[in-house]
Amino acid sequence: MVHGELWTVKELFVLPNEYIYWSIQIVMYPFMTGLVAGAFVLSSLYHVFGIKQLKNMARFSLVFSFALLPVAMMPLMLHLQQPQRGIEVLMTPHFTSAIAAFGIVFSTYGLIVASELWFVYRKHFVKTALSLRRKADKNPLDQVKHLFFSALTLGAYDVSGAALHQDEKAVKILAGIGIPVACFLHGYAGFIFGSVKANALWMTPLMPVIFIMSAVVSGIALCMLTYIVVMEIKKFNVRRAQSSSSNLPTSEAIKGIELNEIRITARYLLFFLLFAISLELLDLIFRGYTAVKTWDILRSVIYGKDFTDIFILQYGVGNLLPLILFLWPRLTIRRALVGVIFVLFGVFMMRWNVVIGGQSFSLTFAGYMHYHLPIIPRNWETFKEGLAGALMVAATPFILFWLFCKILPVFSQDSEELH
Amino acid sequence: MISRRSFLKNAIKGVAGLSIPLSIIGIAGPRKLFALNNVTAGVRWAFLINTYKCVGCGLCVKACKTENEIPYDANVTRTWIERYVHLKDGRVFADTPKGGRDGFTTSKIDLGEGRYQDIDEKDIDKAFFVPKLCNQCENPPCVQVCPVGATFQASDGVVLIDRSWCIGCGYCIMACPYGVRFFHPVLQVAEKCNFCYHRINKGLKPACVDACPFGARMIGNIKDPEDPVTKVIMAERVNVLKSEYGTKPQAYYIGMDEEVR
């Protein structure tokens, strides 16, 4: 079987070698890198621009961005026909290719996030390492932990006021450099598509900018979603433990903080969402107005074949509904939760409509291809390029985030403040 | 104390002095010297297709699949034939079932999804066949986008693929405006027509050229003014596919129609 034949149905005049070669994993790739970039931009709003209200969200979204980082690479590896040679992109990059920049941009960005995290949590590493060192009867687990946290300090045990001040400065600089790099990481994912001149739907210089804007939207939405879920769990735990201990923060107090954070973050989400929608509509209007040779087939795809995916699912459910939900006065947690889920869905559909939609018409401009996502994994190919593979990619950052939460006090800050 | 005037003077002198040895390195490269002295020497392969001569028999596709070990029944092919049918009512139908491998023996047009449209001969204004293959572009987008340089252009213009280096990302397939690239069904790396590179380097003709009973396909060296293909390209009215992409394709067509893309 030819790669792609399994999930491609051809209609009318399509060239013999044309299939939907870039499938669900290539939808996941810009979706996941977008979440990484967006989460980082959110954390930088606090670190660089000093937006104090976002303090809790900032620490949390930085860690989350780091948890998402390895996942940005996963869909690419799952999609390669020769994944064992994937490393060659880093080892023998061919720099006229947009993909070749991946290694450099990705590792630069990874280093920035990792070092920023280190500066933010250095005090915690030192404290934990020292307290474990002082502990008299260490069990084997403590010994491992001690070794681990001592390694994490990198030998820098100075936690005086001056040293911590230096840390803060470093965080600010790193977050500052990080914003353009994060935008570049994702903007260049847009460039990968936007520069394919053979594809009438992809080729537009607006593509990187559209990608960056929707990336920030999705990143903020995911951080809000995870934040709400974590806070709800916390409230639940507090309610359960209330009877035994009286000095714990009340669930009302947590709710107050949560609502405040969510309302402020929602404002930034709205701002970026409006910007993203404007750019996408500009692109659409421009294509229709200029109506070059390819517009006939594009119109039949946009307004015909993919109408539901584009106008109902992406613009309707993904953009218009959340706009109404967030603009309605007196935002509640429940409404915000529904809103961010719709936003995330909308951004996913935007990626889908770009990647799959861009391959749904033939180079002859006289035929169509329809994509059928493999649901049940019958072999390795239908697993990795099917629903199962996509879900695996989507679940991985949450598992990593849970692991990081075991090492880093991601949520401890707010409870300290409550005392 | 250095004056502004003397500083500028010395700076210009220094830059000019430094640039002389650098420019010598640039000019004196052996490749460049060779090229300067041999403007017309060398080989640049080009293809010439006379669509008036093509009858859509499919022998070229058969020969290609056998010669280049593309599984015979796999729905991909390095070369293929398209059939175009213009009706009197203005409608245009086109198809390429199995890449035209088995010839066009029926009046039914393949609409995909198992549907066919039978065309009455009386309704036809004009109908013709167009063979397609890799254009071996002078400015190949597939080479530009390969992230590891596994696909490259040889000095004679033919775009080749290193099967041991291709990572199988599919970017080249996406970048080709002509749809000539695909994943090899067995090797799982990018694959495309290379004018039967193993044959043309031994003085043989590509398998499809040899297989064509009507001489619809020709290959030649466009740098040789005495080559029959070069003579036709220079003297007659020929066209290329999708020139708007700036790829400078090197497969020339006689009898091209507006509908052919």
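Reminder, nothing fancy here: chain letters follow the sequence lines and each chain counts from 1.
Only the side chain of B/Glu82 comes within less than 4.5 Å of a heavy atom in chain A; its backbone stays farther off. Proximity to chain B (any heavy atom under 4.5 Å) is shown, for A/Tyr368, by neither the backbone nor the side chain. Residue A/Ile26: no heavy atom, backbone or side chain, is found under 4.5 Å from chain B. Of the two parts of B/Glu244, only the side chain, counted from C-beta on, holds a non-hydrogen atom closer than 4.5 Å to a non-hydrogen atom of chain A. With a threshold of 4.5 angstrom between heavy atoms, A/Glu5 approaches chain B through side-chain atoms but not through N, CA, C or O. Neither the backbone nor the side chain of B/Phe152 has a heavy atom closer than 4.5 Å to any heavy atom of chain A. Only the backbone of A/Lys10 comes within less than 4.5 Å of a heavy atom of chain B; no side-chain atom from C-beta onward does. No part of B/Lys192 comes within reach of chain A, as not one of its non-hydrogen atoms sits under 4.5 angstrom from that chain. Looking at B/Val260, there are no atoms closer than 4.5 Å to chain A (heavy atoms on both sides), in backbone or side chain. Heavy atoms of A/Val89 lying under 4.5 Å from chain B belong to its backbone as well as its side chain. Only the backbone of B/Leu187 comes within less than 4.5 Å of a heavy atom of chain A; no side-chain atom from C-beta onward does.
In this structure, B/Asn139 and B/Lys248 approach most closely via the heavy-atom pair N-CB, 4.4 Å.
The aromatic rings of A/Trp202 and A/Phe193 sit perpendicular to each other, their planes meeting at more than 60°, with 30° as the lower class boundary.
Atom CD of A/Gln84 has more than 12 neighbouring heavy atoms from other residues, nucleotides or ligands inside a 6.0 Å radius. Around CZ of A/Phe191, the count of heavy atoms belonging to other residues, nucleotides or ligands within 6.0 Å does not exceed 12.
B/Asn194 and B/Arg78 form a side-chain donor-acceptor contact under 3.5 Å, judged by distance and modelled atom types alone. Using a 3.5 Å distance cut-off with no hydrogens or angles, the side chains of A/Gln81 and A/His3 do pair a donor with an acceptor. B/Asp156 and B/Tyr197 share a side-chain donor-acceptor pair at under 3.5 Å. Side-chain atoms of B/His198 and B/Glu67 form a donor-acceptor pair, as typed in the model, at a separation below 3.5 Å. Looking at B/Arg44 and B/Ser155, their side chains never bring a donor and an acceptor atom within 3.5 Å of each other. Of the N and O atoms on the side chains of A/Arg351 and A/Ser214, at least one donor lies less than 3.5 Å from an acceptor on the other residue.
A cation-pi arrangement is not found for B/Lys126 relative to B/Tyr52, the charged atom failing to lie both closer than 6.0 Å to the ring centre and inside a 45° cone about the ring normal.
Between the side chain of B/Trp80 and the backbone N or O of A/Leu15 there is no donor-acceptor pair closer than 3.5 Å.
When each of B/Asn75, B/Asp95, B/Thr96, B/Asp73 is scored by its heavy-atom pairs under 4.5 Å with chain A, the top score falls to B/Asn75. Ranking B/Pro97, B/Cys169, B/Ala150 against chain A, the residue ahead of the rest is B/Cys169, based on heavy-atom pairs under 4.5 Å. No other option in B/Cys166, B/Gly246, B/Gly114, B/Ala190 has as many heavy-atom pairs under 4.5 Å with chain A as B/Cys166. Chosen from A/His79, A/His370, A/Glu18, A/Met1, the residue pairing most often with chain B at heavy-atom distances under 4.5 Å is A/His79. Of the listed residues B/Ile173, B/Asp110, B/Val180, B/Val92, the one with more heavy-atom pairs under 4.5 angstrom with chain A than any other is B/Ile173. The candidate with the highest count of non-hydrogen atom pairs below 4.5 Å against chain B, out of A/Asn17, A/Ile99, A/Leu80, is A/Asn17.
Of the residues B/Phe93, B/Phe129, B/Phe128, the one that meets the ring-ring contact (aromatic ring centres under 6.0 Å, His included) test with B/Tyr84 is B/Phe128.
Residue-level contacts of residues 353-364 of chain A with chain B, in order of numbering, are A/Gln359, A/Leu363, A/Thr364; threshold 4.5 Å between heavy atoms.
A side-chain hydrogen bond (donor to acceptor under 3.5 Å, both in side chains) check over residues 175-185 of chain B, counting only residues at least two apart or in different chains, returns the pairs B/Thr151-B/Arg181, B/Tyr178-B/Thr247.
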